[in-house]
Amino acid sequence: MSLPDRSSLPTRTIERVYADLPFDVPSPVKNAYIRRTVDDDFGPFDHPPDPFATLAVDPANVRSFTGRPYPPYHEKEAQLGTVRDGDWDRTDDVEIVDDDYRERYDLYRADRFTESVFFESMRAHFEDGVDWTETPFVERCLELADAGEPSWRSLTSREDILDRCAAIDALYERIERDGYRSQRDLDYGSLLGVTEEVLVDVGRGGDLLFVNGRHRLAIAKLLGLESVPVGVLVRHRDWMIYRDDCGRSGTVPDHPDLRDLAETDG
């Protein structure tokens with residue numbers, strides 16, 4: 001059974017293709033295929049990053065949100081290695097492209113990640129001992145569920161929302177006890193496992209703009225962790241030009257998305 005040609009295969013279905021094969025595909029073979037077939041926008045640049053690499057990032061340095069249309073994490077595998085121009089990294093006027101998220105958008109977004117209703121509720125629960133059902137985030141999710149509207153992870157029942165609370169408690173306890181583990185450490189063999197990490201975009205000035213993985217990022221912030229693995233979906237064109245300038249000059253500031261240049265130069 002031969003693998004399908006990438007020209008007619010959307011990136012997001014690659015994992016499904018492997019899952020449907022009647023035999024196991026070794027990770028090195030799978031990853032070689034992915035590297036050969038997945039397109040990126042780095043062709044015009046002399047010092048492109050690896051779209052499948054994770055960056056070691058201080059959670060405290062992920063402060064703001066991407067301004068790309070919301071939700072920005074749909075079809076995330078297809079966004080790896082994307083370069084975009086424009087003001088998406090500096091806008092507060094975010095377009096909501098999926099109406100299912102309209103009623104809950106304000107729960108997740110704010111000027112800063114730590115100012116969101118979601119994060120403030122996480123902080124109240126884990127630091128102040130407030131019961132989940134008394135936090136503003138879960139209270140609103142339960143109200144939406146009672147109205148038959150989707151909320152947290154598109155859940156629509158009180159039971160499922162409370163189960164989700166218990167799952168977040170377990171995740172917090174595991175990370176606090178065992179430390180933060182990357183998808184590679186958790187045996188995600190495919191390069192596309194990068195999209196299961198905390199995800200960011202990189203703005204024109206190098207700002208790390210939050211995209212996805214809010215539960216793990218919030219826990220990492222609350223626990224005061226110094227570093228977590230982060231994947232990058234979209235980079236601003238001006239940032240890519242700056243990367244090239246750094247690569248050509250050999251002067252590389254300390255930034256998570258420039259460390260590969262320093263390692264190459266060394």
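Because only heavy atoms are used, hydrogens play no part in the values below, and waters and symmetry mates are left out as well, while side chains stay in. From a predicted model like this one, the values you see are computed outputs, not experimental measurements.
- Checked against Pro71 for a side-chain contact (heavy atoms from CB on, under 4.5 Å), the options Asp100, Asp98, Asn212 give a single hit: Asp98.
- Residue-environment remark: CD (Glu226) stays at or below the threshold of 12 foreign heavy atoms within 6.0 Å.
- Exactly one of Val200, Val202, Thr66 qualifies for a side-chain contact (heavy atoms from CB on, under 4.5 Å) with Leu209. That residue is Thr66.
- Between Asp260 and Arg243 there is a salt bridge, since a side-chain N of the basic residue sits under 4.0 Å from a carboxylate O of the acidic one.
- Under the 4.0 Å criterion applied to side-chain N and carboxylate O atoms, Arg35 and Asp50 are assigned as salt-bridge partners.
- With rounding to the nearest 0.5 angstrom, the CZ atom of Arg84 is 14.0 Å from the CZ atom of Arg204.
- Contact between Lys221 and Val62 at its shortest, heavy atoms only, is NZ-O, 2.9 Å.
- Among residues two or more places apart in sequence or in another chain, the side-chain contact (heavy atoms from CB on, under 4.5 Å) test is passed with Glu176 by Tyr172, Leu223.
- The closest side-chain heavy-atom distance from Asn31 to Phe52 is not below 4.5 Å.
- Contact annotation: the side chain of Ser116 never approaches that of Leu107 to less than 4.5 Å [non-hydrogen atoms, C-beta and beyond].
- Annotation: salt bridge (charged side-chain N to carboxylate O under 4.0 Å, His left out) contacts involving residues 151-161, sequence neighbours excluded, comprise Asp146-Arg158.
- In this structure, Phe65 is a member of the same hydrophobic cluster as Phe119, with clusters built from ILVMFWY side-chain heavy atoms closer than 4.5 Å.
- By the 30° and 60° cut-offs, the orientation of the rings of Trp132 relative to Trp152 is tilted.
- Using a 4.0 Å cut-off between charged nitrogen and carboxylate oxygen, Arg248 and Asp245 count as a salt-bridge pair.
- Between Arg112 and Ser64, the side chains place a donor N or O and an acceptor N or O closer than 3.5 Å (distance only, hydrogens not considered).
- Summarising the geometry of Ala220 relative to Pro59, their closest heavy-atom pair is CB-CG, 3.7 Å, with the distance given to 0.1 Å.
- Taking both residues in full, the closest heavy atoms of Phe42 and Arg235 are given as CZ-NH1, 3.7 Å, listed atom of the first, atom of the second, then distance.
- For Arg237, the CZ atom counts as loosely surrounded, since its 6.0 Å shell holds 12 or fewer non-hydrogen atoms of other residues, nucleotides or ligands.
- Ring pair Tyr101/His74: centre-to-centre distance below 6.0 Å.
- Side chains of Asp89 and Trp239: no donor on one and acceptor on the other come within 3.5 Å.
- A salt bridge links Glu103 with Arg140: the closest approach of a Lys/Arg side-chain nitrogen to an acidic carboxylate oxygen falls below 4.0 angstrom.
- Nearest heavy atoms, Thr91 versus Gly67: CG2-O, 3.7 Å.
- Side chains of Asn61 and Arg63: a donor-acceptor N/O pair is present below 3.5 angstrom, by distance only.
- Ion pairing between a basic and an acidic side chain is recognised when a charged N comes within 4.0 Å of a carboxylate O; Asp187 and Arg181 show no such pairing.
- The aromatic rings of Phe118 and Tyr108 sit tilted relative to each other, their planes meeting at an angle between 30° and 60°.
- Across all non-hydrogen atoms, the minimal contact from Arg102 to Ile96 is NH2-O, 3.2 Å.
- Across Leu208 and Pro256, no two heavy atoms sit closer than the pair CD1-CG, 4.3 Å.
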